[in-house]
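Fair warning: this is a prediction, and the values are worked out from it, not measured in the lab.
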Amino acid sequence: MTTNTPLSRLAFAPTIASSPIKPILRKTTSVLGTRSRADDSDGADEEEHPTKRQKKTVVFNENLNMVREISGKSLEDAKREVRQALEGHARGDDEDYHNLKDLFAPSNRNRSPDEGADDTGPQELLVYVVALTGYVPMLGRSCSGLIRSVLRCAWLDRDENFTKAYIQLLAALSSVQASFFEQVLTMMVDKFSETKSYSVVSGFPPVDLETKKQWLHIGIKYLLDLFPAGSNMILNFIASKFPYTTESKAVHMSYIDHLLRLKTSRPDLERDIMELILARLVKLDVEMTLDLENDDDETTRAVMRSIEAADGKDDDDDDESDAESVLSDDDDLPEETRRVIMIKSKLETLDAIMDLVFSIYDPIFEKPDSEEAVACFTDLLSDFKNVILPHLKSRHTQYLLFKFAMKSDQLMELFIGMLLSIAFHSNDAPVIKQAAAAYLASFTARGARVQSHTVQLIVGCLLNYIDYYRETHKSCRGPDVRRYSLYYASFQGLLYIFCFRWRDLLDRDAIPDSVDWDDPASFLGQDLPWMPDLRKRMHANIASKLNPLKCCSPVIVEEFAQLSHHLRFMYIYPQIEKNKSIHLSQFFTGSYAQGGALRDTGFEFDNEKWTHLEACFPFDPFQLPIARRWLDLENNYVTWSPISVLRRPGEGDDEDDSSDGGSEDDDDDEEESEMGEEELEDREELLEDTATDDERGGD
């Protein structure tokens, strides 16, 4: 008999009332139907000494301190039937063995009333659960069918007596073989995705979902306490069984709720569980972003209208039914409609998970400089580097770092310091360094609580890097975005920061009296005191062979050109015009150009967009309608203000006459003015393709 640790959370023994039991064994057999001489003598002793029978009724697994008051006949008969069924199976006689399997199989609960509703009473299965627990050591690999039937039992849909006895059976099974333990944990993790509010088993009252969750995690905690090696096993299972991105919001939220309960009961798994949640959140985020980029404008606008129409409603059931209708009514729905429903479902799922994750972390950062908050933020930084940073297409998950970094200078310095370290002082892959540079520029530009001296410090670091890179690459043939990607990413970051934070790059004490700091338009046309050598160092890089204006995103370059011209910082239109005659493909140093390829692959860079750096900045406007409530965007976020918003009416129209593209600049300004700042933050920005995003915000 298996001996286990006392079940502290299950501190009482299930009590089974005496009831008629239908044997699982055949009624007439020469083996089971004949009493031995020893049985006769036992019966005679019981008649002469009735006290002996009373002792036999007190009785089961004393090592567990679980005493059961069970009718001796009922429990002993069940034990005998289980033992003989297992012994018969070992000999090749499987009739009783199959009867035992049928007791646990869920199919018995689905029989019609005519097939015998009285086959298994409410308490009968409990007796066999207790009996089978005592004979678990007899179960070998040949009993896999019985194990599967036992694990298919609806054990959470019954009463507490049954649930506690069943957990003891699971513990006994887990102690016999590692493969049994794996099956037990797999069965438990499979239940993480259940979303039914309640369920009913004949003979038992309905069990609500919350009660089922509580007992499920009591069982998991008990097993993991008994078998610590199960911690690594269950981590593998929860990762492999995490819902697909096409699953409904209800399934995702149920699964994550179970993960959070597991985190609470097993603090040693907390870091792994939170990293898993963030990893799957990023996957959903990236997938949704790619879906939106690949769809046409009409489809994406339809998604947004659908979300706005459902805003503020509790539509968990609608989400699930919508997804099911898409799968089941393929012939009835147009492809575009199916696409809209699926993207909407993903976006709402992402929104709900982000909202939940914010609610988990927010209480920790009520005191942002406390040891707990700093330790938690350090863990978030680790998850950011491992999970979020490699995926530059993520648009929302990274706002966890943005929100909490804004809480204190200490947390902000930790985040900025890590980005600087990864971008310029690490051995990470070039794509990771380039992503870190994009995050650094985007955080500096968008973070309203990033102070002026910090902005100048970061700009100084970027200038130092591009100056060093320029000096060490004087012999380069020309611009090559693939070969010098980090250089161009750093320079593009400078342009991006300038467009958002140009006032923070000024010496405030030396500003002319005619300038009103709170009125950006008053800066236009003035000779402004910029931070030392900013103009000189940027001009030196623009004029170098690396030619960063040619490789950076044209939209960002154009916005910088307009703004820097109106602020009398720099006039770069001649260089932009000159770059139009330069074809970057002539400078590429791929294997074919070097003679390393024996034949043409058929791929040529005829389209110049492949030779420019992508304008991707991670802290573009946050669009999830529910989760955005946590961000306090009015106080923490810098919104984009086009140069046309800064210019006074009728002012500056003659400043671009010397440029060939002057009229085009004016058209761009009018377009930006029509959109306005508020529209730039509107949800539809999420649904525009990359080119439109760049056109609107320089992002």
Side-chain angles (χ1 to χ4, degrees), residues 1-10 13-14 24-25 59-66 68 75-76 78-94 96-106 125-156 162-191 215-238 266:
M1 182 171 295
T2 304
T3 301
N4 294 328
T5 307
L7 189 56
S8 57
R9 291 292 298 274
L10 312 180
I24 63 172
L25 303 180
V59 339
F60 184 69
N61 204 346
E62 294 180 354
N63 291 323
L64 290 176
N65 296 320
M66 299 178 69
R68 292 169 171 80
L75 183 56
E76 293 304 321
K79 287 182 178 181
R80 177 173 57 84
E81 292 171 10
V82 168
R83 184 185 71 251
Q84 293 185 11
L86 295 177
E87 290 175 347
H89 177 65
R91 296 192 304 269
D93 184 2
D94 290 337
D96 296 332
Y97 175 78
H98 290 312
N99 290 338
L100 181 60
K101 286 171 53 179
D102 290 341
L103 282 177
F104 290 93
L125 187 58
L126 173 56
V127 176
Y128 284 100
V129 167
V130 175
L132 182 59
T133 301
Y135 290 102
V136 160
M138 295 180 63
L139 302 178
R141 295 185 182 276
S142 63
C143 297
S144 58
L146 176 59
I147 301 299
R148 286 194 296 270
S149 294
V150 169
L151 296 181
R152 288 166 55 198
C153 173
W155 61 285
L156 292 173
F162 186 92
T163 302
K164 293 183 178 185
Y166 189 85
I167 291 175
Q168 288 295 325
L169 174 58
L170 296 181
L173 286 172
S174 301
S175 68
V176 174
Q177 290 187 21
S179 61
F180 291 172
F181 189 28
E182 291 180 359
Q183 293 179 59
V184 168
L185 291 180
T186 300
M187 176 271 293
M188 290 178 150
V189 174
D190 283 338
K191 296 185 180 297
W215 280 110
L216 176 62
H217 286 277
I218 287 174
I220 292 176
K221 183 179 186 304
Y222 181 61
L223 293 179
L224 295 183
D225 286 342
L226 288 177
F227 312 107
S231 295
N232 290 331
M233 295 169 59
I234 200 169
L235 285 175
N236 292 331
F237 294 147
I238 62 176
R266 300 290 302 184

Nearest-0.5 Å distance that lies between atom CZ in F237 and atom OG1 in T186:
3.5 Å
Roughly how far, to the nearest 0.5 Å, is the OG1 atom of T133 from the CG atom of L170?
8.5 Å
By the definition side chain to side chain contact (heavy atoms under 4.5 Å, CB included), identify the one residue from L125, V129, L103 that meets it with C153.
L125
List in chain and number order the residues that pass salt bridge (charged side-chain N to carboxylate O under 4.0 Å, His left out) with R148, two or more places apart in sequence or in another chain; answer none if no residue qualifies.
none
CZ-CD1 distance between F180 and I147, expressed to the nearest 0.5 angstrom:
4.5 Å
Y135 side chain near E87 side chain, heavy-atom distance below 4.5 Å:
no
Out of curiosity, L169 CG to L173 CG, how far, rounded to the nearest 0.5 Å?
4.5 Å
Would you call F104 and R152 a side-chain contact if the rule is heavy atoms closer than 4.5 Å?
no
Check whether any side-chain heavy atom of L223 sits under 4.5 Å from a side-chain heavy atom of M188, and report yes or no.
yes
Could you note down all residue pairs passing salt bridge (charged side-chain N to carboxylate O under 4.0 Å, His left out) where residues 173-190 supplies at least one of them, sequence neighbours left out?
D190-K241
Given 3.5 Å as the limit, does a donor-acceptor pair link the side chain of Y166 with the main chain of V150, or not?
yes
Mind checking whether H89 and L86 have side chains closer than 4.5 Å, heavy atoms only?
no
